[in-house]
Structure formats: C-alpha cells, structure tokens
Amino acid sequence: MQGFGDAFAAAFALIVGFDADLMEIVLLSLRVTLSAVALACIIGFPLGAALAVGRFPFRTTLTVLINALMGLPPVVVGLGVYLMLSRAGPFGALGLLYTPTAMIIAQTILVTPIVAALTRQIVADLDTEYHETLRSMGAGRAARIGTLLWDGRFALMTAALAGLGRALAEVGAVMIVGGNIDHVTRVMTTAIALETSKGELAVALGLGIILMILSIVINALLMGARSASERAAYA
Amino acid sequence: MLRLVKSAPPPLALRLDNISLCRGGRMVVDSLDLDVPAQGITAIMGPNGAGKSLSLRIMAGLVAPDRGACRHDFTGKQDIALVFQKPVLLRRTVRANLAHALALYGVPRARRKVRIAELLEFGRLGPIADSPARALSGGEQQRVAMVRALAAKPKLLLLDEPTASLDPQATDAIETLIRDTAAKGAAVVIVTHDRGQATRLADHVRFMHKGTLVEAAPASDFMLAQKSPEAQAYLAGKLLL
Amino acid sequence: MRLTSLLVAATLATPAVADDFIIVQSTTSTANSGLYDAILPEYAKVDDTEIRVVAVGTGQALRNARNCDGDVLLVHAKAAEEAFVSEGYGVSRSDVMYNDFVLVGPSDDPANAKDADTISAALDAIATARALFASRGDDSGTHKKERALWATTTTDPSDASGAWYRETGSGMGATLNIATGMGAYTLTDRATWIAFANKGDMRILFEGDEALFNQYGIILVNPAKCPLIKADAAQSFIDWIISPIGQSAIAAHTRDGQQLFFPNAAK
C-alpha cells in the first residue's frame, strides 16, 4: 500500500523537478479558478448588495434560491453547462465545450451564489449600521449600494476567498465540461482524479499536497494584502 | 395675560404641525405642534421617551408621521443635516468621509478639494485628515460627523444629543462648532438632557413630555422659571411619570 | 473599472489555438494505459491536426458522440458501436486492435476461481462462494462485457446487488481501487490492469477464455447528423490509425515489457 511518505516524496519530486507538465496544469488551474472567481465577484457583489438593500418583487424568493444554490453539486453544474455548450445544445456553435472557457463558465456558475449570498449577509449587516446616516445624507439606493460595497471590501474579500476555495477544490464540473484533455483542459483536480484512476495514489496525493500549498499561498497573500490595507485605511 | 402690543411673529425655519406617530401600538408623538425659529439655537428638552429624537427624525425627513405635517421652505436635500448621538463614519480616512459626503450632496468634483480644506479647518481636523476615521477617539469622530453634516452648508442643522457620550473637553469642542455654525446663520436644533449645555448654547427651549409639547420659551426665561409642573420636576431631577 | 474590463477580457479570451484539432471520445483503458501518449507523437509527425482525447467510459463516450461532442469515437463495445452506426450517428466502424479481459481478485482466491475451466465457471464459483465482486455498474464497455459474461452463467448477480455483488458506478481505475481496498474480484481489460499501479494484494486469477476477447473499434461521427464535425481531419486520423504505420505504433506500445494492444485492422 502506498502511504503518505510516498505522497510527500512524489510532491517533493514534482516541485523540485519543476515539471513542465505540472507547471502547465498549475497555471491553467489558476487561470480558470481566478477568472471564475473574478467574474463571480463582478456578478455576485452587486447582486448580493441588491438583495440586501433593494426593494423588488421576489427578493425573498431570490435570496432563498441563492442561499440554496450555494450547495449546488459541481457535477450538476457541469451537466447543465455541458447541455448548453454541447454541439447538440443551444450554444454548441460557439465551440466552447472542452475548452478552458467552458470550465470558467461552469465555475462562475458554481461560485457566484456563494459570493452573492455572503455579500448579501455582509452588506445587510453593514446596512443596519449605515442606514440612517446614509439616508440623512440623501443617498439614493445606488449610492448606498456603492458605499456599502466599498466599506465592506475587507469582509467581501472573505466572500471571494470562500468562492476561491470552492472553485479550486471542485472536480465534477471541470471534468465534464473540460474533458480533462492533456495540455488543453487538464487542471489540478482532474489530474488528481486521473492519477487516482490509474492507481497512482502517491502521485495523486502528491498533486493534492501541491494544490493545498497553492491554496495556502493564495490565501496567505490575500490575507496579508488585506491586513496591510486594512491598517492603512480602516479601523 | 393680554398682550397690548402685538409684535410680528419671528420667522420660522421649520414647523411641526399637529404631528402624531404610533409605534408598537403606542402614541410616541401625539398631536405635536413645535416650531423652530430661523435664528439661533433651539434646545429640545424632556425626559427619555418624550419623543424628542423621533421629532428630530421627522424634521429630517427620515421618519414619516402618521398624521400631521412637517412644514418648511427648504428645497434641496442638503438643506437639512442631521448629526446622531453615536457618529457612524465610513471605513475610510477623514478626508475620504468628507469627499463621500460632498459627492452625495452633488458638489461638483472640481469644487470638492477646496471645500474639504475649508471643512478640515473649520473642524480643526487638519492633523488627522488622513487618519482612518474609525480609529479616532469618540470626540474626534463626533467632530468629523459635525463637519460632514455641514459639508453642503445646510440651512438647518439637527443634533441628537451630540455630546452625550463625550468627555468635557470633547464636549467643549463640539459646542464651539455648534456656536460657530449658528453664527454663520444656520438654524440649529439640539436635543439635550444637559441643563448646563442648554444654558450655554440655547436661545430657545422646547420642552416635551409624552410625545407632546409642554412648554416653549426663550432659553433665558425657561432656565429661570419653568411654567409647567413637568418641566419643573424634570429640571429638579425628579422622576416624571 | 479599467481593471475589471481587463479581467473580463483576459477571462473570456480563448487561447489563440488554431482551429485544427479534433476531439476523440475514448474509452479510459486506452488513455490510462498510456496508448495515446505513445502513438500521438507519431501521428504529429505526419499531420498537424491536434488530437484532443476525452477519456470517459464507452457508454458515456457513445452518449457524448450522439450529442456530436466528438469527431471520432474509439471504444470497445462492438454491439453498441454497430448500433451507433446503424442509427446513423456514425459513418462506419473499423476494427483497430484487441486485447483481452482478465478476472482479477485477491491472491488467496477465496472462490477458487483460478481452477475454473471457463470464465462462466469462474463467475459461478464466485457467486457460489458469495465472494465480493466489484462491478463497474456504469454502462461502460467493460460493464457491458461483464453483464454479457454473467448471462452465460446460472447466476443473476442483480439479485445480490449490495450483498456480495457491488456496483461501483465508477470508472475502471476507481473500481480497481475499490476492489483492492475490499479484496473483491473484478473484471478488467488487460491494458488497464498492467498499467495500474495500486494492485496491492490483487492478481490475475483467470484469463485466456475466448469469451474474454476485447475488440476496440474506431468510428467517424456522422457529419450529416453533426454539421460541426471536422470530417476530413477526423478521417485522416482514422486512416492513419488503421494504416500499417498506425498499427505498428500500437503494437510498439508496451508497459513493463508487455504489449498492451494487438492491432487487427482489416488490411
């Protein structure tokens, strides 16, 4: 039986060897995941803020829906996007299936509810504090949303990080819409699944260790940036 | 008492006209008539639960009364400004707080810089202009909130117990700002429990109890002798029921 | 705001890859055993078309191809492949290569399958001993084969599903990992088995029955049904793989000194 010792040895060999294939996979993982999280933030921040302070029909329904979608299984998202992008589907002519773009779309769908739901909570909490002050200053709804999002920026970074964690860890969606094609759509998680299916458990676990290190580094960088700018502009 | 010479009524900044407001099945403001003179500082006094803060919010347009009307001739949203007991500053620098307020009040970008400099000087905030507002002391935060309220040169400044949680030095600084503001011609309304503060600042006193106006008088008269038994009891420190 | 639009642009821009690639919907055994890694560099010497392999089970590969999401099919379930062609989804089917299935299991062989004369007898022995058997349960080529083999026995393993007959619903590799983990018998193609690294205590217990023959076929997805199919590029690849050069590239692929696939395209 292959153990953790072998896994760490494999991870170490892969990192030290600066394996070109590994670099390609890591870079694609980062590109797909960071793009998806960026898009999810662009959609999720305003959407969450609108749910927090907006007044429109079905607001509660939409909030419940977004909260529920946080638990959406990646495989279901992958299947949905597959059906959309399949050549037999409505957007088949775009030729996006089995491309990194398809993976970004799937992960954006996966992550947006998380970002939006957490944003809604963060902005709603901040709004209870700011509501009267902003109204006394004559702020309209759009100005209020802008102010709340900016002042909640450090808490919102946590929402983005939660989304990042989900995107970085999921395999179900990118496997289906990406196809795990070597040099084209193979990312860390699909590579781990592939190595597992080959019985190369040590290599799979080694890749898992690298993915964890990657996640820790990204989180540490963002948290470091957060506390630095927090000290400078905020109490 | 019969008046033989009928003098012209003083001009008003604002008038609450037969206002009633029900909250949680209780009349918290009950057929309130209250006027705010256009000149000087008006202190609204009264025990907790008298409806002072709510009246102030009705004046500011934050709370809509169930009945009655708040009458005034102000047109711009920036003409009436409100300062709360607990200042809520944005999570930015002092300067950025002022810039944000000016943007909300629709002051053109080109004029904001000069106005910010004026406001910082007026509030003696120069040395802390680039500090994070939330990291300041309570007194400094309230000064920022005062100056922010004055950003668009309001014609009526409403203050809800602005010094209730401040030490004497900070209170003194705020009172100086209040006096300076009134001296520039703005009407000022201050809700206060502090008899000393009312004596120091106010030109007019409005005494409220149980959601209604009990007594209105020039401050000097009121401090010497209160006509209503409620005001007498309040100033004597007795519990009003 | 400028940063945002930059981000969006960077995100949506697909990499500047030329359009000349085709998608091969493939069974996993060929991919997992390294066949494509071995033969595709050979193809690259004669053709610029990039071959992108999506390795899924045969069942899913056939379904994906029915949705036109592939230009070429390379799978191993002859009956299903012929149905695919006769229903008009594929143009024609060619034999490419073969190997065989093997029955693997724990080396102490509790059902004594290794002494059976036929694969039917071996499976019956497992059923009689109520020894654990891990089935793919995923409609893959191997799964279809396994069900066909059970049909030649006196046992209907469906009755024992969840008892000694465990349907994993997973790929070959995952199923082998499970079998290794719980000491179960399972049916696998030889190529995957040879390349599989987590054998643990497992070994081949029965092999060599003619019924275990495993034929791989290649199909051009029908451009008449799927207008976006890159039929010319796909046909070139098919022509190459059944040509003597392609066939000898397949034959040259070995793991641990063992040949994994035996070319048998019609001359």
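Just so it is clear: chains get the letters A, B, ... in the order the sequence lines come, proteins before strands, and each one is counted from 1. Since the model is a prediction, treat every value here as computed from it, not as a measurement.
- When the shell of 6.0 Å around CD of Glu118(B) is examined, it contains more than 12 heavy atoms from other residues, nucleotides or ligands.
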Can you list the steps and then say if Arg92(B) with Trp150(A) is a side-chain contact (heavy atoms from CB on, under 4.5 Å)?
CA-CA 9 Å; Arg92(B) 319 171 185 208; Trp150(A) 181 252; 3.2 Å; yes
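- A salt bridge links Glu129(A) with Arg91(B): the closest approach of a Lys/Arg side-chain nitrogen to an acidic carboxylate oxygen falls below 4.0 angstrom.
- Crowding of Phe56(A) atom CZ: a count of heavy atoms from other residues, nucleotides or ligands under 6.0 Å exceeding 12.
- There is no contact between Ala60(B) and chain A, counting heavy-atom distances below 4.5 Å.
- Residues Gly61(B) and Arg135(A) approach most closely at O-NH2, 3.6 Å, considering heavy atoms.
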Between Met137(A) and Gln78(B), does a side-chain contact (heavy atoms from CB on, under 4.5 Å) hold up when you go through it step by step?
CA-CA 7 Å; Met137(A) 292 161 77; Gln78(B) 69 272 46; over 6 Å; no
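- Residue Phe91(A) places its CZ atom among 12 or fewer non-hydrogen atoms of other residues, nucleotides or ligands, all under 6.0 Å distant.
- With a 4.5 Å cut-off on side-chain heavy atoms, Asp151(A) and Arg134(B) do not count as touching.
- In the displayed structure, Phe74(B) atom CZ is contacted under 6.0 Å by more than 12 heavy atoms of other residues, nucleotides or ligands.
- Here the options are Val88(B), Leu82(B), Leu90(B), the test is side chain to side chain contact (heavy atoms under 4.5 Å, CB included), and the partner is Thr133(A); only Val88(B) passes.
- Of the inter-residue distances, the one linking Leu158(B) atom CG with Ser136(A) atom OG reads 9.5 Å to the nearest 0.5 angstrom.
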